[in-house]
Amino acid sequence: MTIPRIELNDGTSIPQLGLGVFRVPLPETARVVADALEAGYRHIDTAQMYGNEEGVGQAIAESGLPRDDLYVTTKLDNGFHQPDDARRAFDDSLTRLGLDRVDLFLIHWPLPMLYDGDFVSTWQTLVELKKEGRATSVGVSNFQPDHLDRIVDATGVAPAVNQVECHPFFRNDSVRAANQRLDVVTEAWAPIAQGRVGDDDSIGEIASLTGRTPAQVVLRWHLQHGHVVFPKTTRPERMRENAALFDFELTDDQMRAVDALDRGEDGRQGAHPDTFDYVPR
Ligand code: NDP
C-alpha cells in the first residue's frame with residue numbers, strides 16, 4: 001500500500017493516512033498497532049492522555065521496521081503546560097515510546113481558561129524541542145483561529161499542523177480557513193464522526209453508487225479536501241477497509257453532497273476548545 005504524503009510548512013512531510021489510538025486500552029494497544037503495521041499503516045497518532053504510548057512503542061520495537069519508515073505523533077498532557085513540565089513530559093513520552101525522537105509533537109488543547117491563559121510559552125517550548133531535533137515537527141490541536149494567531153504573532157513560528165474535530169457534520173470551516181491562511185495542515189479528528197457517518201442516507205447513497213462503504217466515502221472526502229486522517233479502529237478488517245482509499249475518487253457533485261451535510265456548531269461532537277479545561281488526575 002502506498003500512502004501519499006502531505007508537505008508541511010517546515011519542509012518535512014506526513015503520511016496522509018494513519019491509525020488513531022484514542023480509547024484503545026493499554027493492554028490491547030501493542031496488538032492493535034501491530035495489526036495496523038501489518039495492514040500497511042506507517043503513521044500512528046497517540047497522546048500522553050491516552051495512556052497507551054507504551055503499547056505503541058512495544059509494537060514499533062517488535063515490528064523491526066526501520067525508524068524512518070514510521071511516523072509517530074504524540075501530544076502534551078493538559079496537566080503539563082508549564083515549560084519545565086512540558087519538557088519532562090516530553091522526555092517521558094520518548095521513554096514510553098522507546099524512541100529518541102517523535103515525528104510530531106502537539107499541544108493537545110489550548111486551555112485558555114487555565115495557566116492564566118498562557119499557551120504561548122508552552123508553544124515556545126515545543127519550538128525549542130523542534131530546534132533540538134527531538135521532535136521533527138511541532139504543532140497544535142484544538143486551536144481556534146484566535147489561538148493560532150496569538151502563537152504565530154508571539155513567536156513567528158506557525159505550527160506544522162492543527163489537529164481539530166472535522167467530519168461531514170462539522171466541517172469546522174472557520175478553523176480550516178485559518179489553517180489555510182497560515183499554511184498549517186488540517187488534521188481531522190473523529191474523521192468518520194466516531195462511526196456516525198454510517199447512519200446518513202446521502203452518504204449511504206454515494207456508498208452504493210461507488211461500491212464503497214460509508215466510512216470509505218467520508219475518508220476519501222477528507223483526502224480530497226487535503227486533510228490528514230487517522231480513523232480509529234481495533235479491528236483488522238476495518239483497518240484494511242479504512243485504508244482502501246487510493247483507487248477511487250469522488251466526483252465534484254459527490255464532494256458537494258458530502259459538504260452539504262455540515263450542521264455548523266450543532267454538528268460538533270466533542271468539547272469546545274474555548275471552554276474545555278479538563279486536567280487529568
Ligand atoms: P473516528 O471518527 O476515527 O471513529 C472511531 C469509531 O468508529 C470507533 O468506534 C470505531 O469502532 C468505529 N469505526 C472505525 N472504522 C469503522 C468503519 N470502517 N466502519 C464503521 N465504524 C468504524 O473517531 P476518533 O474519535 O477515534 O478519532 C480518530 C483519532 O483522532 C483518535 O483515535 C485520535 O488519534 C484522534 N483524536 C484526537 C482528539 C484531539 O483532541 N486531538 C480527540 C479525538 C480523537 P471499532 O474500534 O470498534 O472499529
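What you see below is based on every heavy atom in this structure, not just the backbone, and it leaves out hydrogens, waters and symmetry mates. Quick caveat: nothing in here was measured; it's all calculated off a predicted structure. We count ligands from 1, going down the list as the structure has it; atoms in each ligand are counted the same way.
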### Message
Would you say CG of Asp247 has more than 12 non-hydrogen atoms from neighbouring residues, nucleotides or ligands within 6.0 angstrom?
### Response
yes
### Task
Please write down residue, atom name and distance for the protein heavy atom closest to atom 33 (C) of ligand 1.
Tyr50 OH, 3.3 Å
### Message
Does this structure show an ion pair linking Asp103 with Arg67, if we count only N-O contacts that are shorter than 4.0 Å?
### Response
yes
### Task
Of all the heavy-atom pairs spanning Pro110 and Pro273, show the shortest one and how long it is.
CG-O, 4.0 Å
### Message
If you compare all heavy atoms of His108 against all heavy atoms of Leu76, which two are closest, and at what distance to 0.1 Å?
### Response
CB-O, 3.2 Å
### Query
Around atom CD of Gln269, are there more than 12 heavy atoms of other residues, nucleotides or ligands at under 6.0 Å?
yes
Do any side-chain atoms of residues 226-233 form donor-acceptor pairs under 3.5 angstrom with protein atoms, and if so which ones, sequence neighbours left out?
from   : atom 1 : to     : atom 2 : distance (Å)
His227 : ND1    : His222 : ND1    : 3.0
His227 : NE2    : Arg176 : NH1    : 3.0
Thr233 : OG1    : Arg235 : N      : 3.1

### Message
Quick check on Glu205: does its CD atom have over 12 non-hydrogen neighbours (other residues, nucleotides or ligands) under 6.0 Å away?
### Response
no
### Closest approach of any protein heavy atom to atom 16 (C) of ligand 1, naming residue and atom
Arg238 CD, 3.5 Å
### Message
Around atom CD of Gln180, are there more than 12 heavy atoms from other residues, nucleotides or ligands closer than 6.0 Å?
### Response
no
### Query
Which of the atoms of ligand 1 are close to Gln163, meaning less than 4.0 Å from one of its heavy atoms?
35 (C), 36 (N), 37 (C), 38 (C), 39 (C), 41 (N)
### Task
Answer side chain, backbone, both or neither: which part of Pro191 comes under 4.0 Å from ligand 1, heavy atoms only.
both
### Message
Quick check on contacts: which atoms of ligand 1 are under 4.0 angstrom from a heavy atom of Ala215?
### Response
17 (C), 18 (N)
### Message
Are any of the N/O atoms on Ile192, whether in the backbone or the side chain, positioned under 3.5 angstrom from an N/O atom of ligand 1?
### Response
yes
### Task
Show which atoms of ligand 1 fall inside a sub-4.0 Å distance from at least one heavy-atom site of His108.
39 (C), 40 (O), 41 (N)
### Task
Out of Phe276, Trp189, Trp109, indicate the one that has the non-hydrogen atom closest to atom 39 (C) of ligand 1.
Trp189
### Summary
Between Ala36 and Leu19, the two heavy atoms sitting closest are CB-CD2, 3.8 Å
### Task
Please name all residues satisfying salt bridge (Lys or Arg N to Asp or Glu O under 4.0 Å) with Glu165, sequence neighbours left out, ordered by chain then number.
none
## Note on the structure
For Thr234, the atoms of ligand 1 under 4.0 Å from one of its heavy atoms are 46 (O)
### Message
Would you say CG of Asp69 has more than 12 non-hydrogen atoms from neighbouring residues, nucleotides or ligands within 6.0 angstrom?
### Response
yes
### Task
Identify, for atom 23 (O) of ligand 1, the protein heavy atom at the shortest distance, and state residue, atom and that distance.
Gln194 CG, 3.3 Å
#### Entry: Closest protein heavy atom (residue, atom, distance) for atom 27 (O) of ligand 1
Ala190 N, 3.1 Å
### Query
Could an N or O of ligand 1 be found under 3.5 Å from any N or O of Lys75, whether backbone or side chain?
no
### Summary
heavy-atom search around atom 28 (C) of ligand 1 in the protein gives Phe230 O, 3.4 Å
### Query
How far is atom 8 (C) of ligand 1 from its nearest protein heavy atom, and which residue and atom name does that atom have?
Lys232 O, 3.9 Å
#### Entry: Asp77/Arg281 ion pair, N-O < 4.0 Å
yes
## Note on the structure
Heavy-atom proximity to atom 18 (N) of ligand 1, picking from Val21, Val197, Asn142, Asn242, points to Asn242
### Message
Students should be able to answer this: which protein heavy-atom is nearest to atom 31 (C) of ligand 1, and at what distance?
### Response
Phe22 CB, 3.4 Å
### Message
So if I count the atoms of ligand 1 from 1 in the order they appear, which ones are less than 4.0 Å from some heavy atom of Ala193?
### Response
2 (O)
### Task
Give the residue, atom name and distance (to 0.1 Å) of the protein heavy atom nearest atom 34 (O) of ligand 1.
Asp45 OD1, 2.7 Å
#### Entry: Atom indices of ligand 1 within 4.0 angstrom of Gly20 heavy atoms, with elements
32 (O), 34 (O)
